[in-house]
**Q** 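Please see the structure below; I have some questions.
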Number of protein chains: 2
Amino acid sequence: MQKKIFPFSAKKVSYYFDADFSLLSKLVDKHQAVLITDENVFAAHTKKFNGWKTIRISAGENTKKQATVDEIISQLIVLQADRKSVIIGVGGGVVTDIAGFVASIYMRGVKFGFVPTSVLAMVDASIGGKNGIDVGVYKNMVGTIRQPEFLVYDVSFLKTLPEGEWINGFAEIIKHASIKDEKLFAELEKNKLAHYQKNAEAMSKLIRTNAAIKSEIVRKDEFEQGERKLLNFGHTVGHAIENVYGLSHGKAISIGMVAACILSEQFTNFKQTARVIGLLTKYGLPTLAEFNAKKAFEVLKMDKKKNQHSLNYVLLNRIGEGVVKAIPMDQLEKLIHSIVRAR
Amino acid sequence: MQKKIFPFSAKKVSYYFDADFSLLSKLVDKHQAVLITDENVFAAHTKKFNGWKTIRISAGENTKKQATVDEIISQLIVLQADRKSVIIGVGGGVVTDIAGFVASIYMRGVKFGFVPTSVLAMVDASIGGKNGIDVGVYKNMVGTIRQPEFLVYDVSFLKTLPEGEWINGFAEIIKHASIKDEKLFAELEKNKLAHYQKNAEAMSKLIRTNAAIKSEIVRKDEFEQGERKLLNFGHTVGHAIENVYGLSHGKAISIGMVAACILSEQFTNFKQTARVIGLLTKYGLPTLAEFNAKKAFEVLKMDKKKNQHSLNYVLLNRIGEGVVKAIPMDQLEKLIHSIVRAR
């Protein structure tokens with residue numbers, strides 16, 4: 001086990017890498033803890049939850065909505081959870097997003113921690129304090145920014161992770177490499193998914209590297225005034241098509257990253273689109289999509305990164321160096337139409 | 001107009017006393033503002049809302065629930081409100097509580113301000129950053145603590161305030177006097193409600209005094225570790241009976257203050273219960289209630305101030321000096337039963 005502390009503005013967050021789930025009972029009083037997990041994680045790891053008060057929600061992105069929050073709050077009341085209670089999200093990004101949001105609003109905020117169980121949650125979703133739910137097709141329209149007390153990394157959860165979820169997580173890993181770490185990008189090019197699936201040590205190291213990339217970016221800019229915006233690479237078009245087309249988050253942002261690379265060619269003279277497409281393809285991610293440009297643009301207009309007339313778009317100067325540029329909405333609409341037509 | 005700034009931990013909040021509603025257009029860009037008000041305030045002051053994007057909700061405590069939050073968020077999406085939008089709650093405590101909560105979670109938080117239109121909202125609800133909604137009979141079970149940018153006090157709104165709402169607000173004014181300001185308590189004893197209703201200057205001064213009492217307490221203890229707990233005087237039993245019996249907030253906490261005075265006799269040797277009852281009665285507030293002690297205690301067990309086995313209860317050492325004591329739940333149950341039986 002390896003403990004690392006990242007100091008965010010309001011709180012120091014403890015990361016326990018290479019840990020075991022059982023560490024939880026040393027971090028919190030079992031009587032004060034309420035675990036939130038989904039049916040899939042619970043079914044695959046039932047024994048781990050023995051003796052813990054646990055609220056189970058349905059699995060899947062469609063669960064990430066207000067009705068689920070209402071249901072969890074009802075159950076917390078029944079469990080007589082109080083201000084001293086600690087909520088622990090055990091699951092993928094949907095579970096950690098919902099658990100963090102519930103903990104931020106229940107009784108005006110209680111403490112919380114996460115045990116991320118998917119690659120995506122380990123390297124991305126559980127880090128940085130952003131939480132929330134979708135409203136219809138609009139992703140993360142409602143939520144807060146609030147840091148957990150701790151993150152417990154137990155890679156044994158990955159043994160039961162479906163292939164599609166591995167791929168999903170690698171989309172964010174490739175994103176991190178693209179905006180911040182050319183060396184990591186080159187490492188990923190050298191290996192392939194099966195290498196990390198078979199080699200627990202390589203995977204642990206990859207998780208630590210990626211958790212550090214994201215944590216450092218967030219630490220410098222917790223409330224997304226600048227640097228943190230880079231993490232939205234691929235997410236603007238990605239979010240616009242994710243819920244409209246029922247794509248997995250990884251697939252959606254993979255397509256979004258390609259769109260951002262093509263935009264970059266125009267705005268930053270970026271010349272490595274083919275290399276990004278190559279890496280995404282190598283890890284089983286899609287880079288083309290038949291999507292309705294008009295419909296996607298309607299959703300995109302509600303993007304949280306939008307001002308009245310322009311949208312802050314994350315582009316690449318080169319692999320390993322992301323940059324944010326404000327792009328006028330009318331210009332963006334034209335570009336998106338042309339990208340879709342071109343493919 | 002008199003501007004005063006109270007510096008809270010995360011934000012300096014500007015209070016504009018003796019101001020006019022029209023000041024709003026100097027504080028925010030009309031295009032970026034979305035006003036939230038209730039049907040009563042809108043009907044009584046329709047002209048004021050001319051040219052402002054306005055979301056109207058039903059009036060009354062029953063509106064303070066998740067369904068209303070959902071409805072407001074849908075409307076914000078239709079209005080294309082974005083991260084630069086400023087939400088302004090124009091109304092009583094229900095409106096400011098909901099508007100503050102929505103602003104804290106919409107797109108993970110946008111800026112907001114208040115124009116309190118009731119006595120209660122002016123002296124209490126709009127101050128201090130606590131917001132939220134009820135969940136069934138449980139008051140403020142969900143919410144956040146987040147400060148507004150500004151408060152605009154326009155006492156012309158009070159001209160259309162129903163008598164019952166005046167009385168409601170004076171319950172909180174008497175609370176402030178009881179826990180913090182014996183001089184104010186004596187002033188209130190000398191006057192009566194009609195004096196403040198007829199005399200705009202006296203009322204303005206009373207509002208400033210009370211806004212300052214609450215703001216100072218909150219400033220010292222924004223996240224309710226100590227001092228701020230005093231503001232819960234009368235609210236423990238008050239909240240327990242408010243929604244169960246459909247009482248107004250003022251009436252409920254008036255009964256709660258009397259209960260707290262009687263408890264104080266036992267725990268702090270308090271001897272001025274009769275004086276508190278006298279003042280509450282003078283301002284039209286009830287001090288007795290036929291309530292079901294068992295049912296009230298069930299709700300009280302879920303109070304946010306509760307730990308596992310005891311409840312932090314606000315008592316009085318003397319008029320003008322509140323104090324917090326942890327009272328064991330079993331002892332509290334007995335006392336509540338005995339108070340109810342005694343009356």
**Q** Taking all non-hydrogen atoms of both residues into account, name the closest pair between R108(A) and T144(B) and its distance.
**A**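 Looking at all heavy atoms of both residues, the shortest contact is CD-O, 3.3 Å.
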**Q** Are there more than 12 heavy atoms of other residues, nucleotides or ligands under 6.0 Å from atom NZ of K30(A)?
**A** yes
**Q** Take atom CG of D29(B) as the centre, draw a 6.0 Å sphere, and report whether it contains more than 12 heavy atoms from other residues, nucleotides or ligands.
**A**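 For D29(B), atom CG is crowded (more than 12 foreign heavy atoms under 6.0 Å).
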**Q** Need one label for I77(B): side chain, backbone, both or neither, based on atoms under 4.5 Å from any heavy atom in chain A.
**A**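 The answer is both parts of I77(B).
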**Q** Any chance you could measure D82(B), atom CG, to L311(A), atom CG, to the nearest 0.5 Å?
**A** 10.0 Å
**Q** Among V142(A), V69(A), V135(A), I145(A), single out the residue with the greatest number of heavy-atom pairs under 4.5 Å to chain B.
**A** V142(A)
**Q** Is K11(A) atom NZ crowded by more than 12 heavy atoms from other residues, nucleotides or ligands, each under 6.0 Å away?
**A**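 Correct, the count exceeds 12.
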**Q** Quick one: what part of A10(B) sits under 4.5 Å from any heavy atom of chain A, side chain, backbone, both or neither?
**A**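 For A10(B), no heavy atom lies under 4.5 Å from chain A.
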**Q** Counting only heavy atoms closer than 4.5 Å, note whether N131(B) contacts chain A via side chain, backbone, both or neither.
**A**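 For N131(B), the backbone is the part near chain A, not the side chain.
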**Q** Just verifying a value: how many Å separate Q66(B) CD and I105(A) CD1, rounded to the nearest 0.5 Å?
**A**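 Between atom CD of Q66(B) and atom CD1 of I105(A) there are 6.5 Å.
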**Q** Where does F223(B) contact chain A at under 4.5 Å (heavy atoms): side chain, backbone, both or neither?
**A**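 Neither part.
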